[in-house]
Structure formats: structure tokens, C-alpha cells
Amino acid sequence: MNITRERFKQDYEQKLMSLFTEEIDKASTLDKYLALGSLVKEYSAKNWSKTKKQYSKDGDKQVYYFSMEFLIGRLLQSNLINLGIRDTVKEALAELNVSLDELEETEVDAGLGNGGLGRLAACFIDSIASIGIPGHGNGMRYQYGFFEQKIVNGYQVEIPDNWLKEGNVWETKREDKSVIVKFYGTPKAVQNNGRLNFELENYEAIKAVPYDTPVIGYENNTVNTLRLWSAEPVTNAFNFQIFSKGEYSKAVEYRTSVEAISSVLYPDDSAETGKILRLKQQYFFTSAGIYSILRTFKNSGHSLYDLDKYVAIQINDTHPAVAVAELMRILVDEEEMGWDDAWSVTTGTLAYTNHTILSEALEKWPVQVFNKLLPRIYMIIEEINRRFVGEIYQKHPNDHDRVRRMSIIEGGMVKMAHLAIVGSHSVNGVATLHTEILVNKELRDFSEFYPRKFNNKTNGITHRRWLIQSNEELTSYITKCIGDSWKKRPKDLAQFAELSKDPLVRKRVGEIKLHNKQMLADMVKKDYDIDVDPNSIFDIQVKRLHAYKRQVLNILHIMDLYNRLKDNPDLDISPRTYFFGAKSSPSYHLAKETIKLINTVADKINNDPSIKGKLKVVFLENYRVSLAEKIIKCADISEQISTTTFEASGTGNMKFMMNGALTLGTLDGANVEIHDEVGDENMFVFGMSKDEVLNYLKYGGYSPRHFYNTNSRIKRVLDQLVDGSLGVATTEFRNIHSSLLGRDEYFVLKDFDSYCEAQERIDKVFRDKDKWNEMCIVNIGKSGRFSSDNTITEYSREIWNTSPKEIH
Ligand SMILES: *Cc1c(COP(=O)(O)O)cnc(C)c1O
């Protein structure tokens, strides 16, 4: 949009006045932020309405991205950038003595996700709008986001994230678009014009109220919608009947149980799978989403038999997999479509993205729980499964074992991944290696059965947030060198890679990195009172805390390096600062112990003057999107050290690469594709190959004791975990100790040597700044293919069959 500074100042002063009856110099920072946010939302309103109108008038196919998590972070800065008015607004505010940076810093993160999966959904809706594809998000409006992490005495403490406390300027409550979602009850067969239909009786009705947030495309006129659902009690005659019988406590109970549905985001935690509330959440936002899609669709006047020509629903992991049965139920029971037609429409509409091969993360629900909560849905799944099993037998007569392996219902459990695969026309993995493992191993039965369904869509990140927004200095320098076409066509960043031999470019890229590092050093001094040297290697591992991501490998190497420095204070190493940021799921004890270990080692090292400041370790509290935006650009080394085959893709790896950090990584997930782009010479690869890992997993034979007994450095750091040398109780880290020496599925000790050796290569190369900067430039330049704009273009062409649409 176009706006002059003068016009903006008028609008802004008016806004502050109308909202808070306050002049600028009297208003609080929060009020100033809220006024700016609501003005920016107002600026997007016209295009929002125009976009909706044009979609409905032209009958374009609409995409809906169903995700239980949207890890959005902040929106003010990215909305200003996407509207193309940030510079104007910044200057105008400065004239009013208001700092835009400060207002942006006031916004609380919308932390409606755990990590990568939720952030992917947020990057995707940004790219969908920025490319101009008609597509929208559908998810949950949690009252409390992912917890806020405090570190107290080295331990993680969880604090509820009451993110809506000060209000949310971006959302609009759409009471008029509410729908009813039904739980429990008894399906009753009714004869209707000779058709047998099922209706639910004596169900619990819950009102799903949508809150809409505009998703503003980058310098186009597209404004799509993120629709998040909140649960409210229904106050209709049906419920009044119960309550008027004087059952007051029941009424209160009902209200509480309803509000629980959209109250909290579940932590990503294998132990939670039995929770009925989580299944309730899944059905709640899925059913509400489908009803709302069908309402819009019906207004178009098209036949429901053509639904898959006009609607595509992408389900992000199995959390919304119940969509398969819900869409079937609505088509068959409510729209009176025949089963076969309904099935063809359903599978034509739905597509499924798989995110994990960790077996404990594959969702399944006990039949009893499922059948009680969603009785009609369960009947439909039984019928889907009956027909599916029939098909398997047709293709593989008498292969009972295959049927057992592939069944949707088996062993008293409903398997959501199987439901999603059978009920979708597309199943995709999220990186080449991950998809290959799905096809050849984890989901082999299914890929043999449905060879054409399986495909790969390597994840991506929006280069707008992760470069243009978060790294302004690098952004303007790239633009100065190669122009700004890359902002709309990120692959044009390749032109920057061509400058890697230019000494001036190298020097400048090094200076920008140093500036960024200086800022982080200042922040660390201010927030943690730790002195870090911006000229040291900034080695950063930020991501959820999980055994397979192997933060333990990182900290063991630090302990080993510290041991070597203690043995020889003159050891010639490039000074290092190791940064960690990670939340652990509240009930994941091993992960919490790892946080305590990192903080304990940090304390010991940071307070030991004998190593002459050559080593520092910093644990950054409360890792989240807004913190990621500040620290990723400061990294020299990006730690991507998961056990090969376990990280489906990773997206943190892409963010670091785009900001000129060099990857220290295994050939896992999308690291493989980063390696394809930059080669051995621009990345530090280590660790077991996928075949080695797969062999161990299949045949066993891994013996951590062997490494403990034969490698004195390993023995020393492991002993230090439990012999009191870290200055805490000897029991503090016993679980880590025994997991590493027991049946460690993540092969930490096996990869230890190779990891240390890669760290030593880094130490050497870092001494040659010119060479190092060259490598950074290559990484930045080759990162364009990891923009989610490319990923979304592929989804759009190969799964959704949609195309960009210009809004005017
Ligand atoms: C990108 C991102 C992640 C995912 O990081 P991985 O290294 O891919 O696991 C997690 N959390 C936040 C806040 C992120 O921005």
C-alpha cells in the first residue's frame, strides 16, 4: 500500500485518541503498540475484504491448511514489511518521538506451537499469501500458548503463557460464523425416503467460535485468513433443559469442560497420547473447520460432488486426521451422498503430511476412548477399514500379517496415520531422506499399495521473516550487491553466491556478522551478566530439547574441550562461545536433566579464570520465535547434530544457512539437501551414515561400553557426570549417564569422535577469516531454494492443483 508520513501521523494520532483518549507523549508503550497494531490491521481490512470477495466471485479453488499448531511469533513487523510501509511508518513515528523498534519489541509472541511443526505452518501461510494462492490456515485458538521457560538454579521452571492478557490486536471474533461440534451421544438409525441415515442423540454440544487473523501477502494485495477456533458453552434449549432441573453443579461442570478444550496447547510429549482432551481438541477444530469450509462452498452454488475441484485440505501431521471420517460423515449422513461418491470426494480433497518416523509419536487412540467420545465417527472408521481390508485381501489373498500391519483399527487401537494415508490422495514426507525412509521402510506396505500417493515436499522457511525482517543489515547489503529481485524470487540469491570470491564482499559479510554478534554479546551481558567475546566462534544449538537432537553430544564435547584446556591452559584453540536454547516438555525427565547439565557445565566453565576466557557457555532462556529472530543471525556455527534418520527435515538448519552460519551436521533430514547445495567444502559433516544407523536399528549390536572402555576422553566425561566433579550431587545426571551407557538409541558415544574431529576442523578453518567468509557467502547464496515460497509452489502444483491469483 501507499501512504505518506503525514497521512500516517494523522491516522496514528487519531487512533491513539479514539482507543485510549491519550496524546502520544502521555500514552504508555503498550497503548502505543496496541494503537499501531490496530491501525495496521485496519490498513489491511480493505484488501482482506477484496480478497474474500474476489475468491468467491471467481470461484477459485481454495486451500485450507489444517494444523493443531501455528507458531506465529510476532506480527507487527512482518505485517508492516508485507504491506510495504515499514520505512514510512518508522520515519513518521520517529518524528513523533516514538521508536518503532520499541513498539515491535512490546508485542508478545503468539506461541501456539511446540517447535518446527508449528513454525512450518506459520511460514506456509505467509508464503501462500505472498505467492497469492487462495489459501487459509485452520487451527486452535489456545487460551494459553506453549509455556514460558525460566531457568532457576539451573532447572527449567514452566510458567503459563497467558498471551491474550493484554488483548490480541490481530484477531477478529466472528460470533456469526460459529458452528456446533458434537461429542459423545448415541448414533441412531433413521429411515429417510428409503435411505438409512444416522443421527446423533443425547450428544454434548459445544460451540466453536472462530477468531480470524488476516494473513497479509508480501507487497501484493492478497490478504488470506487464519481461522482459529475457541470453545464456548452452548446456551440453547437443549442444555437449558439439563440445567433447569436444578443441576447447577452439572451446568458449571459443563462450562468448565467446554472451556478446557481450547485452554492449553499440549506439549510435544509421547506420554500424553492417552489424553482424551487432546482427541477432543483434534475433532473440535477439524469438525469446525470442515463445517465452515462447506458453508462457504455451498454459497458458491457448485455441487458437493465437485468439492475436490474447488477445495484442498492439507493436514499437518495426523493431528487433524479425523478429517477423513468427519468429511465422510457429513457427506453421507447430512448431505445424503452415496458412500462411494463420498469416498472419492473425500480422498480427492484431503492430503496428508507426515512429520515423523519416531514410533512413539505416531498417534493412536484406544478404541474404547474413541468410540465413546466420537461414536458415529468410529462407526465410519470401521466401515472405511472394512472396505480397505477387503482391498488388501484382494491384492494379497491370505496375507493376514499384511492386513494386521496395515489395518486402521488393530490391537484395540485406532491408528491415525493409517486413516490419514487411506483417506488422502497424497502423502508427503518433508525432506528427501525422510520420504525415502517412509517409502522404503516405515510405510513400505502403504507405498507398495498406493505407489502414486507418496511424494516429497522438502520443508522451507519464509525468507521474509528469517532474513529480510530479522537481519536488516545483511538484507540491505545483499540488495546493494545484486538488486532486490531475490525478495520476490528467493532463488535469485544465487547471484550473491557468485560474489564469494570478491574480497570486498567477504570483508563486508564478516563485518555484518561481527555487528550482529556484538549485539548478542551485549544482550548476554545485560540479561545474564556473562562476558562473551564477539570475536570468538559463536556456536549455536537452538531447538526443542530431545534425545534424538543430541544436545548431550554437544555438551559432552564442551566438557571434553574444557578437560583438555585444564590439562593444558596453553592449548591453542580458537576461542568459543557455545549457546543453547531449548524448552523441554514438562514431563520429559531426561530432557530436563540435560538442561540442568548444560547450566551446570556453563556455571563451572564461565567461572573458571584459569582457561583465560577461551570458552564460554550460555543457556538462553525461553527459546521462542522472537528470540530465534535475534540470535540466528549471530551464529558462526549452526549445530544440526541429530542422529541420522531421526530428524525428518529440520527448519532451523535452513534459517541459519540463510544468515550465513556454517552447518555442523549429520547427513540427516534437510541437512542432506543443504549439503547437496554447498558441498563438503562449505559445511562440516560428521557422524554415522544412514545405512549404519538403519543396520544397528535392525540388527542391534551397538555397544556403548566399548567406547567407554577404549576411549579415555569419553570415559573421563562420562565419569564426571556422576563423580561429583561438576559440583552438584552425584545423582543429578545419573539418567543421562545410564542412558548413554545403556541402550542408547541415538548412538551418542559412537558419533563422539567424529563430532570432535569436525569441531577441530572448524577451529582450523575459522583462523582463516577470508576463507570463512567465502563459505558464509556461498551458504547465503544457495539458501534460496529453502524459501517456503518454493515449497508452497510445489504443494500448489503437485498436490493442490491451484495457482496464484492476482487481487486488484
Ligand atoms: C525454526 C524453529 C524451530 C525448529 O527448529 P529445528 O532446529 O528445525 O528443530 C523450533 N522453534 C522455533 C522457535 C523456531 O523458530
Side-chain angles (χ1 to χ4, degrees), residues 67 69-75 77-78 108-127 145-149 161 163 265 267-268 316-317 355-356 358 361 430-431 433-434 458-467 469-471 539-551 553-554 579-585 591 620-635 637-643 646-659 661 663-666 668-674 783 786-788 791:
S67 178
E69 302 186 5
F70 284 90
L71 188 51
I72 296 163
R74 294 171 174 162
L75 282 175
Q77 192 180 359
S78 73
V108 292
D109 279 40
L112 307 183
N114 278 280
L117 175 145
R119 184 54 233 174
L120 184 77
C123 283
F124 276 9
I125 55 175
D126 179 81
S127 282
F146 200 30
F147 66 86
E148 188 191 324
Q149 179 193 57
D161 170 28
W163 70 294
L265 165 78
D268 190 42
N316 194 23
D317 214 320
H355 281 272
T356 183
L358 288 184
V430 291
L433 175 66
H434 169 62
T458 300
N459 282 168
I461 53 166
T462 166
H463 62 290
R464 286 166 292 275
R465 179 175 298 260
W466 297 108
L467 178 53
Q469 175 181 327
S470 58
N471 200 343
D539 178 313
I540 308 190
Q541 185 173 24
V542 284
K543 47 182 74 247
R544 277 184 304 120
L545 214 138
H546 200 288
Y548 84 79
K549 292 177 182 278
R550 298 200 295 191
Q551 281 91 353
L553 177 58
N554 188 343
F579 293 90
F580 291 85
K583 288 179 184 173
S584 157
S585 172
L620 299 161
E621 245 174 12
N622 201 28
Y623 181 58
R624 62 198 185 285
V625 173
S626 60
L627 184 59
E629 287 167 25
K630 294 192 182 87
I631 60 186
I632 286 174
K633 63 179 169 193
C634 307
I637 288 295
S638 156
E639 296 258 3
Q640 308 300 336
I641 60 176
S642 53
T643 311
F646 283 91
E647 186 73 88
S649 162
T651 49
N653 45 3
M654 303 166 183
K655 299 169 195 165
F656 279 101
M657 175 192 190
M658 196 172 270
N659 286 275
T663 306
L664 165 57
T666 48
D668 194 19
N671 296 354
V672 176
E673 285 149 87
I674 291 177
S783 71
F786 299 107
S787 165
S788 44
T791 316

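Whatever order the structure lists ligands and atoms in, that order sets their numbers, starting from 1.
- Scored by the side-chain hydrogen bond (donor to acceptor under 3.5 Å, both in side chains) test, E629 finds R465, Q469 as partners (sequence neighbours excluded).
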I'd like a table of the close N/O pairs between ligand 1 and the protein (anything under 3.5 Å), one pair per line with both atom names and the distance.
residue: ligand 1; atom: 7 (O); partner: K543; partner atom: NZ; Å: 2.7
residue: ligand 1; atom: 8 (O); partner: T651; partner atom: N; Å: 2.8
residue: ligand 1; atom: 8 (O); partner: G652; partner atom: N; Å: 3.0
residue: ligand 1; atom: 9 (O); partner: K549; partner atom: NZ; Å: 2.8
residue: ligand 1; atom: 15 (O); partner: K655; partner atom: NZ; Å: 2.6

Between N671 and Q640, does a side-chain hydrogen bond (donor to acceptor under 3.5 Å, both in side chains) hold up when you go through it step by step?
CA-CA 8 Å; N671 296 354; Q640 308 300 336; 5.6 Å; no

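- Listed by chain and number, the residues in a side-chain hydrogen bond (donor to acceptor under 3.5 Å, both in side chains) with E69 are N114 (sequence neighbours excluded).
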side-chain contact (heavy atoms from CB on, under 4.5 Å) between N622 and K583: does it pass, once the steps are laid out?
CA-CA 7 Å; N622 201 28; K583 288 179 184 173; 3.0 Å; yes

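- To the nearest 0.5 Å, atom CD1 of residue I641 and atom OG1 of residue T663 are 12.5 Å apart.
- Qualifying side chain to side chain contact (heavy atoms under 4.5 Å, CB included) partners for S649, counting only residues two or more places apart in sequence or in other chains: V430, A431, N459, M654, A670.
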